[in-house]
Amino acid sequence: MFRRLSEAAAARSTGWFGIIVPAVYATLVVVVTLVVLADSLFVDHEDASLIGVWLVVVTLPLSGASLLGLSGLESLLGDMPQALDTVLFYLSTTGIGLVQAWLLRLATRGRLLDPDVRPNVPVP
């Protein structure tokens, strides 16, 4: 696995930067999601917890569009059960964060150093 990563990094002009930055961001999104989920499931708050804001902040700017879509969905369907609203929030913000990690990968991967040689593609 690491050999393929090394080959992929060596074949691009940005090297390891184009692999590490999106991977760190995707890991951050997943870790923040798990922390927020654990807080909402296992910690009892006397007042409302604002820890879910961290998930939105980490996944900005596209999570703003996700929240607008969820509020539009709620106005379209009427009152949704709290559990469904919570599940949709976690799925949409985490999914948006992982899409942003993929877009970050596309933006930072750089150009191929040798366009005739494609890394990790078996030659028939």
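Residue numbers run from 1 in the order of the sequence given. In this text the structure is predicted, and so the values were computed from the model without any measurement.
Going from atom CH2 of Trp54 over to atom OG1 of Thr59 covers 12.5 Å, rounded to the nearest 0.5 Å. In this structure, OG1 on Thr27 lies 11.0 Å from CD1 on Ile20, to the nearest 0.5 angstrom.
With sequence neighbours excluded, no residue forms a side-chain hydrogen bond (donor to acceptor under 3.5 Å, both in side chains) with Thr108.
Residues Ile51 and Phe42 are members of one and the same hydrophobic cluster, defined by side-chain heavy-atom contacts under 4.5 angstrom among Ile, Leu, Val, Met, Phe, Trp and Tyr. The hydrophobic clustering, which links ILVMFWY residues whose side-chain heavy atoms are closer than 4.5 Å, places Leu37 and Val35 together. In this structure, Val43 is not a member of the same hydrophobic cluster as Phe89, with clusters built from ILVMFWY side-chain heavy atoms closer than 4.5 Å. Transitive grouping of hydrophobic side chains (ILVMFWY, heavy atoms separated by less than 4.5 Å) keeps Val87 and Leu34 in distinct clusters.
Of all heavy-atom pairs between Pro22 and Ala101, the closest is CB-O, 3.5 Å. The nearest pair of heavy atoms linking Tyr90 to Ser40 is OH-OG, 2.8 Å. Here the closest heavy-atom approach between residue Tyr25 and residue Gly97 is recorded as CE2-O, 3.3 Å.
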Might you work through the side chain to side chain contact (heavy atoms under 4.5 Å, CB included) test for Arg105 and Val21, ending with a clear yes or no? CA-CA 8 Å; Arg105 168 73 177 126; Val21 170; over 6 Å; no
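Of the options Leu55, Leu98, Leu60, a side chain to side chain contact (heavy atoms under 4.5 Å, CB included) to Thr93 is made by Leu55 and by none of the others.
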